[in-house]
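Working notes, beginning with the structure itself.
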Amino acid sequence: MQQCCIYGRKKVMFYLVYMIATTPSPPYYAVIFTSVRTDIDDGYGDMALRMVELAHEQPGFLGVESARNEQTDGALGITVSYWESLESIRAWRQQAEHQIAQQTGRERWYETYKTRICKVERDYGFEQ
């Protein structure tokens with residue numbers, strides 16, 4: 001679902017990220033991106049919104065979940081994106097705009113990060 005918000009002084013279109021992504025029956029793949037931020041915010045919010053928007057346009061993209069604890073030193077964050085295949089993950093990693101975001105993240109926004117790629121073989125949940 002596309003939403004609009006004011007981010008800084010700029011009107012930004014983005015895809016609303018719900019708490020839990022809706023995914024198909026397994027198997028599918030998860031990319032778990034765990035990071036600790038630096039104190040530099042310069043353009044981070046805009047780039048994060050753009051990456052979610054761009055991911056939605058990629059073949060094989062299934063959904064995303066993200067959380068960041070801004071109350072602690074280092075602002076630990078975890079983003080999990082879901083994909084149909086390893087090939088779709090590879091294509092996302094090599095997407096030109098995403099590569100710029102990765103490079104900028106290493107240079108400015110992240111103190112440290114780790115990416116893990118997992119095959120989801122089973123999932124289950126609960127809703128009220």
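The chain is numbered in sequence order, starting from 1.
- Taking the six-membered ring for Trp and the full ring otherwise, Trp83 and Phe61 have centroids separated by under 6.0 Å.
- With rounding to the nearest 0.5 angstrom, the OG atom of Ser81 is 12.5 Å from the CE atom of Met51.
- A pairwise comparison of heavy atoms in Leu54 and Gln95 identifies CD2-OE1, 3.2 Å as the closest pair.
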Please table the atom pairs, donor to acceptor, closer than 3.5 Å between any side-chain atom in residues 20-34 and protein atoms at least two apart or in another chain.
from, atom 1, to, atom 2, distance (Å)
Thr23, OG1, Tyr28, OH, 3.0
Tyr28, OH, Asp123, OD2, 2.6

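- Ile117 has its side chain within reach of Ile89: a pair of non-hydrogen atoms, C-beta onward, lies under 4.5 Å apart.
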**Request:** Could you give me the CA-CA distance, side-chain angles and deciding distance for Arg68 and Thr79, then say whether side-chain hydrogen bond (donor to acceptor under 3.5 Å, both in side chains) is met?
**Result:** CA-CA 8 Å; Arg68 181 167 297 280; Thr79 297; 5.9 Å; no

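- Residues Val120 and Val64 are members of separate hydrophobic clusters, defined by side-chain heavy-atom contacts under 4.5 angstrom among Ile, Leu, Val, Met, Phe, Trp and Tyr.
- Of all non-hydrogen atoms in Pro59 and Ser88, the two that sit nearest each other are O-CB, 3.4 Å.
- No side-chain donor-acceptor contact under 3.5 Å links His98 to the backbone of Gln94.
- Hydrophobic clustering (ILVMFWY, side-chain heavy atoms < 4.5 Å, transitive): Ile78 and Leu49 are in distinct clusters.
- Within the 4.5 Å cutoff, the side chain of Arg37 has heavy atoms near those of the Tyr44 side chain.
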**Asked** Could you walk me through whether Tyr113 and Gln102 pass the side-chain contact (heavy atoms from CB on, under 4.5 Å) check?
**Response** CA-CA 11 Å; Tyr113 70 81; Gln102 292 170 55; 5.8 Å; no

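- The OG1 atom of Thr104 lies 10.0 Å from the OH atom of Tyr110; values are rounded to the nearest 0.5 Å.
- For the pair Thr38/Arg108, no side-chain contact is recorded, criterion being any heavy-atom separation below 4.5 Å from C-beta on.
- Annotation: salt bridge (charged side-chain N to carboxylate O under 4.0 Å, His left out) contacts involving residues 85-107, sequence neighbours excluded, comprise Arg50-Glu97.
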